[in-house]
A.B. asks: 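Starting off with a structure, shown below.
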Protein chains: 2
Amino acid sequence: MSKRPTSRDVARAAGVSQSTVSLVLAGKSEGRVKPETGQAVREAARRLGYRPNLAARNLRLGRTRTVLLVVPTLASPFFGAVYTGAARVAGERGFGIIVHPWNDDAVPARSPVDIEAIDGVLASSLGGGVTGMSEVPLVVLDNDPADPAPAVNFDVAGGMRAIAGHLTGLGHRRIGHLAAAVDAWTFRVRGEVLAEEAPVVCRATSAIEVTAARTAALTLLNRPDRPSALVCDDDLIAAGAYKAARALGLDVPHDLSITGFDDILVATALEPELTTIRLPAEELGARAMTALLERLDGHAPPDVSLPGELMIRGSTAPPRP
Amino acid sequence: MSKRPTSRDVARAAGVSQSTVSLVLAGKSEGRVKPETGQAVREAARRLGYRPNLAARNLRLGRTRTVLLVVPTLASPFFGAVYTGAARVAGERGFGIIVHPWNDDAVPARSPVDIEAIDGVLASSLGGGVTGMSEVPLVVLDNDPADPAPAVNFDVAGGMRAIAGHLTGLGHRRIGHLAAAVDAWTFRVRGEVLAEEAPVVCRATSAIEVTAARTAALTLLNRPDRPSALVCDDDLIAAGAYKAARALGLDVPHDLSITGFDDILVATALEPELTTIRLPAEELGARAMTALLERLDGHAPPDVSLPGELMIRGSTAPPRP
DNA sequence: AAGATGTAGTCATACGTATCACTAAACGGG
DNA sequence: CCCGTTTAGTGATACGTATGACTACATCTT
């Protein structure tokens with residue numbers, strides 16, 4: 001029933017003042033506290049199981065050394081990798097990082113920034129309400145460069161150009177576009193670039209989800225001028241395209257080439273493996289965290305754009321003559 | 001450059017005392033503050049863009065109304081669903097929820113509980129160090145019932161029995177087990193139950209990852225007494241088994257039946273779709289959060305065990321005679 | 001008319017920490 | 001032997017909030 005011990009309890013146990021405890025445990029006792037006194041304090045703290053009260057520390061210091069990563073969904077290998085990169089950089093600089101899922105459908109009682117005391121936010125541009133939390137230092141992932149918020153982006157246009165070049169190089173002249181039904185810069189760009197660089201003859205949109213994508217793909221593949229290749233905005237949508245092809249008895253890649261975007265796990269779980277753009281998600285996370293920490297230091301880091309890499313696998317081949 | 005406004009700034013702007021601001025904004029002004037004064041306070045707060053300082057509030061109240069969900073990895077649809085269920089219950093009770101990935105390889109500077117002030121923890125038994133944070137109210141997901149920590153579990157044994165029954169019912173007499181190379185109760189149980197209920201003739205272990213699973217599956221399928229069915233500890237491992245079968249020219253399900261566990265996204269992205277156990281992950285999250293909130297109220301909720309559901313799909317069939 | 005009750009607030013304080021300003025003792029130099 | 005410096009600490013305070021105790025005034029009740 002005993003309350004959690006405070007630094008004052010430790011002080012009492014060690015026979016010193018609370019100030020001394022604070023100094024010792026903060027590692028600032030250099031030349032101000034005798035080594036043996038320091039040992040005694042540490043020993044007492046250990047014995048009592050003392051853990052500093054974070055709320056008090058945060059209040060006193062006016063900062064938390066913690067940043068918030070806002071992701072549209074937890075169920076994403078992609079954001080898992082972003083987290084890994086961000087966490088590495090944060091850890092090196094003594095920052096903690098917590099994650100909060102946030103999207104349009106969820107109507108949470110509290111906005112992510114109202115849940116915990118944090119110093120800054122790293123937010124995905126997918127998902128809602130990012131704009132509403134501009135009072136706190138913010139770096140946005142994959143944001144429209146026209147937006148004033150500092151951004152760390154992929155070179156989505158370059159990636160899509162690579163896909164278009166690959167397919168036209170193989171000889172494809174009728175390309176279908178399976179677009180993500182999400183209103184975000186990163187997907188708008190994919191559509192625009194593809195339309196410029198490749199002979200897109202038809203298009204459908206789908207939620208980023210397998211069965212919806214299957215349905216959307218079927219509408220394209222059932223058209224009289226069936227495309228010889230489907231360019232998908234996302235690997236998951238590509239997985240739906242595979243299912244549609246299978247349903248119609250089309251062989252991938254010889255009857256139909258399929259491409260994805262992101263190179264998440266399913267890309268290599270599919271058969272044949274998916275030709276897609278590998279985005280360096282982990283590096284994105286690292287760069288974004290670096291930019292955010294710069295911002296916390298009062299600097300204004302430039303926007304960043306990271307190139308992707310075309311992964312040519314088994315799902316693309318020249319069209320049948 | 002102006003600092004963030006405090007409740008005192010709001011008080012000054014509205015011409016009242018700080019106490020009154022606190023009362024009004026906490027909604028406790030019933031009968032203690034004139035409605036028009038309340039309006040003035042709210043108006044001033046809005047105008048100044050006041051947001052309460054969470055660190056100060058947490059310090060004063062001694063609690064945060066926030067719980068921490070510790071997951072082994074972000075890249076998991078499964079834990080995404082757990083989160084959804086937990087967040088729903090938390091929201092209904094006015095609690096916030098933050099997420100922290102935590103596993104053995106990551107060597108973060110700070111333990112999850114040292115990053116933010118929280119009231120309790122919901123932790124996956126996978127991943128490391130859960131045991132080290134027992135000073136805080138805790139509920140563990142899928143934990144060994146022998147462990148003293150309160151747990152909310154799946155009926156893993158029942159699920160595995162269902163798979164064993166399904167396969168032996170189809171006539172399989174030589175079953176291979178592709179186990180997860182993770183030392184955790186939930187996987188140990190799978191192995192034990194399967195060995196009891198089905199004719200397991202061989203076994204291999206693999207990391208929960210596609211290519212590693214493919215390699216492990218190949219060692220089983222290349223044996224002289226090749227099994228007619230592979231039971232996989234996890235859907236992702238099953239995806240690797242598909243690839244191994246494909247590499248050997250084996251038809252799924254007629255040359256080789258494959259089963260998974262979890263029913264995550266890839267289960268239906270695979271071709272043919274995977275027979276697996278659907279675990280009610282969202283309900284698990286909800287029940288676990290309910291149990292944790294009970295604990296925070298000083299109660300001691302009983303352990304829970306949730307049944308899974310056998311999803312029979314295209315990856316299982318009778319063996320060739 | 002005088003005490004009781006109600007209304008509309010204000011005052012003071014504590015939560016636990018980190019840090020600046022201070023002090024008491026020991027020591028060394030001239 | 002006295003003053004300046006170093007050593008080893010201590011005391012007081014502020015961070016911003018929530019809340020129990022208090023007050024001043026107005027309105028009933030008998």
Side-chain angles (χ1 to χ4, degrees), chain A residues 2-42 44-45 48-66 94 114-119 135, chain B residues 2-42 44-45 48-66 94 114-119 135:
Chain A
S2 60
K3 301 287 301 170
R4 202 167 135 185
T6 73
S7 62
R8 216 172 301 269
D9 297 325
V10 175
R12 208 167 305 143
V16 297
S17 74
Q18 183 264 330
S19 325
T20 304
V21 172
S22 185
L23 284 175
V24 169
L25 297 184
K28 297 188 178 169
S29 50
E30 199 63 34
R32 296 175 54 80
V33 175
K34 245 190 301 184
E36 61 206 65
T37 311
Q39 270 312 314
V41 167
R42 268 182 286 269
L48 298 183
Y50 168 72
R51 328 201 63 154
N53 181 316
L54 290 175
R57 168 179 293 174
N58 292 343
L59 173 59
R60 169 68 225 238
L61 294 180
R63 74 207 142 83
T64 60
R65 295 189 83 76
T66 298
D114 286 336
I115 292 195
E116 277 291 347
I118 45 150
D119 287 348
E135 324 89 5
Chain B
S2 60
K3 301 286 302 169
R4 204 168 134 183
T6 73
S7 62
R8 217 173 301 268
D9 297 325
V10 175
R12 208 167 304 143
V16 298
S17 73
Q18 182 264 329
S19 324
T20 305
V21 172
S22 184
L23 285 174
V24 168
L25 297 183
K28 297 190 176 164
S29 51
E30 199 63 35
R32 297 174 52 80
V33 175
K34 245 189 302 184
E36 60 208 64
T37 310
Q39 268 312 313
V41 167
R42 267 183 287 269
L48 297 183
Y50 168 72
R51 328 201 62 155
N53 180 315
L54 291 175
R57 168 179 293 174
N58 292 342
L59 174 59
R60 169 71 226 232
L61 294 179
R63 69 202 148 83
T64 59
R65 295 190 83 77
T66 299
D114 286 335
I115 293 196
E116 277 290 348
I118 46 150
D119 287 348
E135 323 87 7

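Naming convention: chains lettered A, B, ... in sequence-line order (proteins, then strands); numbering from 1 in each chain.
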A.B. asks: A:K34 NZ to D:dT10 P: how many Å, rounded?
C.D. replies: 11 Å
A.B. asks: With A:L48, which residues qualify under side chain to side chain contact (heavy atoms under 4.5 Å, CB included), at least two apart?
C.D. replies: A:P5, A:D9, A:V10, A:A13
A.B. asks: Side chains of A:S22 and A:S19: donor-acceptor distance under 3.5 Å anywhere?
C.D. replies: no
A.B. asks: B:T6 versus B:N53: any side-chain heavy-atom pair under 4.5 Å?
C.D. replies: no
A.B. asks: Less than 4.5 Å apart, any side-chain heavy atom of A:E116 and any of B:I118?
C.D. replies: yes
A.B. asks: Whole angstrom is fine here: how far is it from CZ in A:R12 over to P in C:dG16?
C.D. replies: 11 Å
A.B. asks: Assign a letter to each nucleotide of nucleotides 17-27 of chain D from its 5' end: B, base within under 4.0 Å of a protein heavy atom; S, sugar-phosphate only; -, no contact.
C.D. replies: BBB-B------
A.B. asks: Not counting sequence neighbours, list each pair that qualifies as a salt bridge (charged side-chain N to carboxylate O under 4.0 Å, His left out) and has a residue in residues 17-36 of chain B.
C.D. replies: none
A.B. asks: Could you state the atom-to-atom distance from CD of A:E30 to P of D:dT7 in whole Å?
C.D. replies: 11 Å
